[in-house]
Amino acid sequence: MVINPLDRLSALNNIARKRGLYWPSYEIYGGVAGFYDYGPIGVSIKNKIMHLWRMFFVEKQRGLVVEIETPIITPREVLKASGHEEHFTDPYTYCKKCGNVYRVDHLIKEALGINVEGYSLDKLWEIMKENNLRCPKCGGELSKPENALLLFKTTIGPYRGAPAYFRPETAQGIFVSFKNVHLAARERFPLGIAQVGRVGRNEISPRQGMIRLREFTIMEVEFFFDPEEPLENFISEIKSNDLEEYLDTVLRIIPAYMRERGEEKVVEVTAREAIEKELVETPWLAYWMSVGTRFLEFLGIPSDKIRFIEKLPHEKAHYAAQTFDQEVYTEKYGWIEVAGYAYRTNYDLSRHIKYTHADLTVFKRYKQPIKRKQKVVTPNIMALKRDYPEKFPDIMKKLSSYEKEELLSLLENQGYIEINGVKITRKYFIIKEKEQYIHGEKIIPHVVEPSFGLERIFYAVLENSLKITDKRTWLGIKPWIAPYDAAVFPLVSGSKKEHKQIEELAKKIYYMLLEAGITAIYDSDGSIGRRYARADEIGIPVAITVDYQSLKDNTVTIRDRDTQKQLRVNLRDLYDSILQRIKPYKPWSAVLEKYLTLQ
RNA sequence: GCGGCGGUCGUCUAGCCUGGACUAGGACGCCGGCCCUCCAAGCCGGAGAUCCCGGGUUCAAAUCCCGGCCGCCGCACCA
């Protein structure tokens with residue numbers, strides 16, 4: 001039986017509300033667009049997705065990535081430096097007759113073919129007036145342009161505090177603290193810094209439920225590396241981390257050059273091929289795209305519903321050299337972006353260095369120190385003091401303001417330096433040739449950023465795991481992200497003595513599981529079938545039923561959510577039996593075998 | 001932000017056009033009880049609705065009118 005997609009989606013909405021997955025926020029006040037609450041079941045699933053993300057992007061990266069947490073409220077200067085204040089602002093105009101709103105820069109570009117990016121509002125207004133721009137729809141008069149800022153604004157300090165914004169991405173907190181983290185990580189390099197947290201974007205008109213929110217959760221890594229490090233070093237770095245399996249991951253990519261030709265065709269390549277064919281501007285992009293692909297597949301998204309789209313130049317963010325959106329197919333919204341992989345170059349760190357003069361560089365140590373002959377200039381203090389006793393302090397002051405190289409080239413090229421009208425000639429300086437060892441240099445690291453929208457993944461996972469047949473509805477979610485590990489039921493809950501005993505044992509097993517770290521629910525309401533159905537609906541992977549036989553031989557049945565098949569196990573083996581079905585980790589025996597051969 | 005359509009128990013809905021007999025009806029779900037040897041069964045009982053919010057018209061508004069909020073669709077926007 002084929003289920004109508006609309007029925008599927010309304011079924012999901014029903015479960016979401018009825019069982020507590022999610023709902024619009026502030027409902028009793030009429031609701032506010034762009035905000036959603038997670039219900040109890042939703043929180044549990046969301047947290048598990050978060051934990052798995054950490055497992056893939058932090059823990060399994062073997063020290064390559066560390067995680068930090070920085071504030072949500074961000075001083076204005078930071079977002080000014082990062083370019084957000086400028087680029088998050090769009091100049092608008094509206095038609096005084098029909099009310100239609102237009103972006104001024106788009107309007108001018110379309111009508112006059114002029115690129116007016118970065119122009120002031122007054123300048124734009126001037127251009128509009130000069131060319132007598134009118135509403136393209138109705139020919140009505142257009143308003144003076146205004147700025148629409150997509151950042152949430154606030155102040156730090158309650159009276160006349162400093163202007164600040166709710167961060168639109170977690171990345172800036174990472175860039176700003178880069179030096180501290182780098183030192184704390186014992187100057188490891190390359191280094192990934194992860195952060196999971198809430199961000200806010202004051203969208204003009206958010207719709208599409210949890211897909212486009214004004215406040216949501218980002219999970220991202222800013223991966224700092226040296227772009228001059230040759231490709232082979234990356235590969236060997238990855239190999240030495242035993243992560244080469246990522247290079248064999250198949251990526252489904254729609255490259256920009258294809259999109260420009262109007263062909264939206266998916267190219268299937270391994271990460272290794274993507275690097276070799278130079279589909280990516282840095283190998284690390286392909287690496288993180290692989291990690292992200294594995295992550296989504298592990299959440300239960302089928303690989304044919306995952307693809308990467310390379311952004312065209314005009315679609316990219318202001319900081320990005322190359323960007324791939326990772327998209328997941330949903331019935332409701334079509335392909336939705338769940339992650340962005342941006343090559344941010346050293347844009348952000350450079351900007352913060354420029355604004356603060358902080359040292360956000362990394363010392364790049366050469367494998368072999370470079371021997372360099374260098375001429376060194378030193379003023380002959382004795383001679384200067386002797387010949388210019390009065391002007392000596394001024395001369396020294398001036399000299400110290402020169403860069404060494406500048407001083408040298410002035411002396412060698414013109415033979416003197418003029419200070420307060422006095423020509424100090426070369427003979428007042430000692431120029432020696434010195435041999436120097438250069439051990440390295442300071443570089444501003446480049447950054448590749450895989451950045452995930454948690455709510456979008458959450459939705460995509462739910463929609464993709466919802467199973468409906470004409471008999472039943474269940475959430476076929478991967479066991480490791482199910483809201484509970486297990487459900488415990490007494491087969492019957494009557495008033496006979498045996499029924500009471502069954503209930504008692506079932507409750508005990510419930511407590512035992514909780515004590516052993518298995519999250520479980522206990523349910524004795526309604527018929528056993530209804531309880532299975534309720535557990536299925538929120539995706540609980542295993543149901544444990546205590547029956548008459550349990551009283552005799554200490555066995556219970558374990559029912560599998562997806563197949564409905566039951567297996568009888570002894571209480572002694574119950575824990576392991578559940579664990580084996582629900583944990584996202586390999587059993588020790590398998591890991592042991594992979595790495596070691598024990599005698 | 002603009003235009004079109006919509007908003008009634010947790011959910012789906014009846015009623016709205018043609019104002020009154022609506023104490024807003026039903027089904028599912030939920031809660032309590034009975035029954036019960038495995039997949040949403042049955043029986044009995046119960047709770048549950050600011051009729052989206054505010055204002056107006058009227059003797060009388062879920063119903064008509066205006067404004068707002070929210071949702072859906074289209075346009076625009078989505079670094």
Atom [atom1], compared across [N] and [M]: separation rounded to whole Å:
{"N": "B:C64", "M": "B:C16", "atom1": "C1'", "result": "10 Å"}
{"N": "B:A41", "M": "B:C35", "atom1": "C1'", "result": "11 Å"}
{"N": "B:G54", "M": "B:U13", "atom1": "C1'", "result": "27 Å"}
{"N": "B:A24", "M": "B:U50", "atom1": "C1'", "result": "14 Å"}
{"N": "B:A47", "M": "B:G25", "atom1": "P", "result": "13 Å"}

Determine whether a donor-acceptor pair (one donor, one acceptor, N or O, separation below 3.5 Å) exists between the side chain of [X] and the base of [N].
{"X": "A:Arg559", "N": "B:C38", "value": "no"}
{"X": "A:Arg201", "N": "B:A79", "value": "yes"}
{"X": "A:Glu203", "N": "B:C78", "value": "no"}
{"X": "A:Arg207", "N": "B:C70", "value": "no"}

Hey, do the aromatic rings of [X] and [Y] have their centres closer than 6.0 Å?
{"X": "A:Tyr333", "Y": "A:Tyr459", "value": "yes"}
{"X": "A:His318", "Y": "A:Tyr347", "value": "yes"}
{"X": "A:Trp284", "Y": "A:Phe223", "value": "yes"}

Between N or O atoms, less than 3.5 Å apart, protein on one side and nucleotides 30-34 of chain B on the other: list the pairs.
{"residue": "B:C30", "atom": "OP1", "partner": "A:Arg534", "partner atom": "NH1", "Å": "2.8"}

Inset, instruction - Kindly point out which of B:U11, B:C38, B:U37 is positioned nearest to the side chain of A:Asn14? - result: B:U11
Legend entry - Residue A:Ala533, side-chain atoms from C-beta onward, closest of B:A79, B:A40, B:C38: B:A40
Could you tell me whether the phosphate oxygens of [N], OP1 or OP2, come under 4.0 Å of any side-chain nitrogen or oxygen in [X]?
{"X": "A:Arg212", "N": "B:C78", "result": "no"}
{"X": "A:His499", "N": "B:U37", "result": "yes"}
{"X": "A:Ser527", "N": "B:C36", "result": "no"}

Please produce a list of atom pairs where a protein N or O lies less than 3.5 Å from an N or O of nucleotides 48-53 of chain B.
none

Inset, instruction - For the pair A:Arg259 and A:Glu315, find out whether any cationic side-chain nitrogen is under 4.0 Å from an anionic carboxylate oxygen. - result: yes
Hey, is the main chain of [Y] close enough, under 3.5 Å, to the side chain of [X] for a donor-acceptor pair?
{"X": "A:Glu455", "Y": "A:Thr217", "answer": "yes"}
{"X": "A:Arg456", "Y": "A:Ile211", "answer": "yes"}
{"X": "A:Arg351", "Y": "A:Ser82", "answer": "no"}

Inset, instruction - Identify, between A:Trp474 and A:Lys496, the residue whose nearest nucleotide on RNA chain B lies closer to the 5' end. - result: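 Taking each residue's closest nucleotide, the earlier one in sequence belongs to A:Lys496.
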Inset, instruction - Report the residue (A:Gly529 or A:Gly31) whose heavy-atom-nearest nucleotide on RNA chain B is the more 5′ of the two. - result: A:Gly529
Legend entry - Residue pair A:Asn13 / A:Ser10, side-chain donor-acceptor N/O under 3.5 Å: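 No, no side-chain donor-acceptor contact under 3.5 Å.
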Legend entry - Side-chain H-bond candidate by donor/acceptor type, A:Thr74 with A:Arg167, under 3.5 Å: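 No, no side-chain donor-acceptor pair sits under 3.5 Å.
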Inset, instruction - Please report the C-alpha distance between A:Asn346 and A:Ser350 in whole Å, then the side-chain angles of each, then the deciding distance to 0.1 Å, and finally whether the side-chain hydrogen bond (donor to acceptor under 3.5 Å, both in side chains) criterion is met. - result: CA-CA 6 Å; A:Asn346 63 9; A:Ser350 302; 3.2 Å; yes
